[in-house]
Amino acid sequence: MSSMKIFSTAESSEEKLKRKLGKNDWVALQDACVEATSNERREFSDSQRDGALNRRKDNRRVLANVERHHCDLVHYLKTTTHLEHMPSLPSLEAFAKGTAATVAGVATLGCGLLYYGQNYLIYPSAFPPGSRIEVPVPTDFGLEYQDLPLVTEDRFTLRCYLLMQRTEISNSHAAHIDYPDQQTHEQFASTRPTVLMFHGNGGNHGHRIPLAKVFYVKMRCNVLMLSYRGCALYMVIQRVLHQNQARHRIRIDAQTALDYLASHPYLKNTPVILYGQSIGGAVAIDLASRNPSKITALILENTFTNLPRLVPKVLPLLSPLSFLCHQKWDSASKIPLIPRSMPILMLSGVRDEVVPREHMQELWQIVSRRQGTKSSDTGNKSDIPEVGNGKSRFLEFEGGHHNDTCVQQGYWTAVTDFVTSLSR
């Protein structure tokens, strides 16, 4: 309603002005308004056009700046990162080829390490540090001994320790053995067992003197401590020259020691007991299999069925390449060559981190089958029957690791009982 009033008022004013001006002046006034409106519109359009032109100029100026900066950026990238030579993403085929080449390279490296470097892994004579030059002697432990050089068939000199029994030993813990009044030390030694010791792959024979002392003092055994070539005071160059025949030459070393005992004027008729730890156990089994009539008994600690089977445990990444292990020491195939009547004491550390306990268990199964007696699988020491003339035994020590089984409770009691049983 209000809008209608305004319209009516406006219309009334226009009529009044039209009557007041007259027809001609009214027409002139209208033409003037039209012309003013046109001029205003024209001026507005010109202003609008000028503004648009200015904006286009500004846009072109901005675009020119952007283009210039873009060119500078591209030039910088080309000169600093060689953008024009940057490769595109590799194709699937190229990626597959690269992966295959990498795998092949790693496999080749692994093969080389396992094949050519296995001697340094199996026979690390320089470990622990100083083992080649720092060799303890029995007198360091209050034991009299003979520094015994043995020459092998291939003219190599072995450094060994010989501890021969005496009628009396100046040690308060020594076991007392009765003997005739006029018996000499040599004659007394000829009545006692002789232990031939084969140590593990680390260190030297001097590091095992505390073990030899137990045999010598507690059990009153003669003891021959063998040092393999390449260990102790041997020259490094000899080690390198002979590494490809390491196993063959260690077998020669072991045979040389046994031949020495067989030819000794006082020890040749003594019962010979082979004591081997770890790889020394494999050396002992091999020697017994080749000399069945010269060996009385075996004592084996934490040894293995064969070395290739140890690769997955010691070097898991190289387990597919275990067939490249040429240092076999296949004890599982040697035990059947040992006489059925030979007593064997097997001592296993349950927590052995180097040789899994399954190796010793499997060897015991072979010993049991070879000697015609079924063994128990319970793992309970009291449930495992003795085999080998009723003297062979297999014992497990729950707290035993690879290098400390020999200090577990009951270890030396079992060894002493076993050695004592051989004389009955």
Side-chain angles (χ1 to χ4, degrees), residues 136-151 158-199 205-206 208-227 254-276 284 287-288 291-299 339 341-345 388-391 406 411-424:
V137 295
T139 51
D140 296 339
F141 298 85
L143 301 174
E144 295 186 19
Y145 77 106
Q146 178 184 349
D147 194 356
L148 181 66
L150 295 180
V151 181
L158 304 172
R159 304 294 178 184
C160 306
Y161 297 153
L162 177 62
L163 286 68
M164 284 187 62
Q165 278 298 325
R166 305 170 64 87
T167 55
E168 296 292 339
I169 297 178
S170 58
N171 189 301
S172 59
H173 300 289
H176 176 73
I177 305 294
D178 293 329
Y179 61 92
D181 292 338
Q182 302 302 320
Q183 193 174 51
T184 65
H185 295 312
E186 292 80 8
Q187 290 172 338
F188 178 77
S190 67
T191 66
R192 304 303 302 160
T194 299
V195 176
L196 178 53
M197 295 181 63
F198 299 109
H199 62 78
H205 63 315
R208 277 73 179 187
I209 294 176
L211 307 183
K213 186 174 183 178
V214 179
F215 283 114
Y216 185 77
V217 175
K218 293 286 189 179
M219 303 175 220
R220 301 300 298 274
C221 296
N222 305 297
V223 181
L224 176 56
M225 304 182 69
L226 171 69
S227 180
Q255 188 65 54
T256 300
L258 181 61
D259 292 344
Y260 170 80
L261 293 177
S263 62
H264 193 280
Y266 295 102
L267 302 180
K268 60 183 179 181
N269 294 321
T270 62
V272 177
I273 304 169
L274 305 184
Y275 175 72
L287 184 63
N291 301 269
S293 62
K294 299 179 181 180
I295 308 300
T296 301
L298 290 174
I299 302 176
S341 59
M342 184 181 295
I344 300 176
L345 175 63
N389 287 339
K391 299 173 183 178
C406 61
Y411 180 96
W412 288 106
T413 300
V415 174
T416 302
D417 292 343
F418 178 74
V419 172
T420 302
S421 71
L422 299 177
S423 60
R424 294 197 294 264

Evaluate the side-chain proximity of L298 to I273: yes if any heavy-atom separation is below 4.5 Å, no if none is.
-> no

Mind listing the closest non-hydrogen atom pair of C160 and S227 along with its distance?
-> SG-N, 4.3 Å

Return yes if some donor-acceptor pair links the side-chain N/O of D140 with the main-chain N/O of P136 below 3.5 Å, else return no.
-> no

What heavy-atom pair brings A257 and L196 nearest, and what distance separates the two atoms?
-> CB-CD1, 3.9 Å

Min side-chain heavy-atom separation I299-L274 under 4.5 Å | no

Side-chain (T270) to main-chain (S190) donor-acceptor, under 3.5 angstrom | no

Gap between atom NE2 of H185 and atom CE of M164 - 0.5 Å precision = 10.5 Å

One should read off an interatomic distance between R166 CZ and E186 CD, to the nearest 0.5 angstrom, of 8.5 Å

May I ask you to decide if L143's main-chain N or O and K213's side chain share a donor-acceptor pair within less than 3.5 Å?
-> no

V272 side chain reached by K294 side chain, heavy atoms, under 4.5 Å = no

Taking R220 for the side chain and A175 for the main chain, is one N or O donor matched with an acceptor at less than 3.5 Å?
-> yes

Please name the pair of heavy atoms, one in I295 and one in A288, separated by the smallest distance, quoted to 0.1 Å.
-> CG1-CA, 4.0 Å

Separation of L162 CG from M225 CE (nearest 0.5 Å) | 11.0 Å

Do T194 and P271 come close enough that some side-chain heavy atom pair is under 4.5 Å?
-> no

Is the side chain of T139 donor-acceptor paired with the backbone N or O of G142 at a distance under 3.5 Å, no angle test?
-> no

Pair F215 + W412: ring centers closer than 6.0 Å | yes

Within-4.5 Å side-chain heavy-atom neighbours: M197 and H205 | no

Look up atom CG in L224 and atom CG in L163, then write down how far apart they are to the nearest 0.5 Å.
-> 9.0 Å

When rounded to the nearest 0.5 angstrom, what distance separates OG1 in T167 from CZ in F188?
-> 7.0 Å

Side chain proximity check, I169 to Y216, heavy atoms < 4.5 angstrom | yes

Test item: M219 and V415 side chains (from C-beta on) under 4.5 Å apart, heavy atoms = yes

Search all heavy atoms of A414 against all heavy atoms of L345 and return the closest pair with its distance.
-> O-CD2, 4.0 Å

Donor-acceptor contact below 3.5 Å, side chain N222 vs main chain A189 = yes

If we ignore angles and hydrogens, is there a donor and acceptor under 3.5 Å between the side chains of Q165 and R192?
-> no

So CG of L226 and OH of Y161: to nearest 0.5 Å the spacing works out to 12.0 Å

Is there a donor-acceptor pair closer than 3.5 Å between any side-chain N or O of K391 and the backbone N or O of F418?
-> no

Would you say K218 has more than 12 foreign heavy atoms packed within less than 6.0 Å of its NZ?
-> no

In this structure, are over 12 heavy atoms from other groups packed under 6.0 Å from Q183 atom CD?
-> yes

With side chains defined as the heavy atoms from C-beta onward, is the minimum distance between V419 and C221 less than 4.5 Å?
-> yes

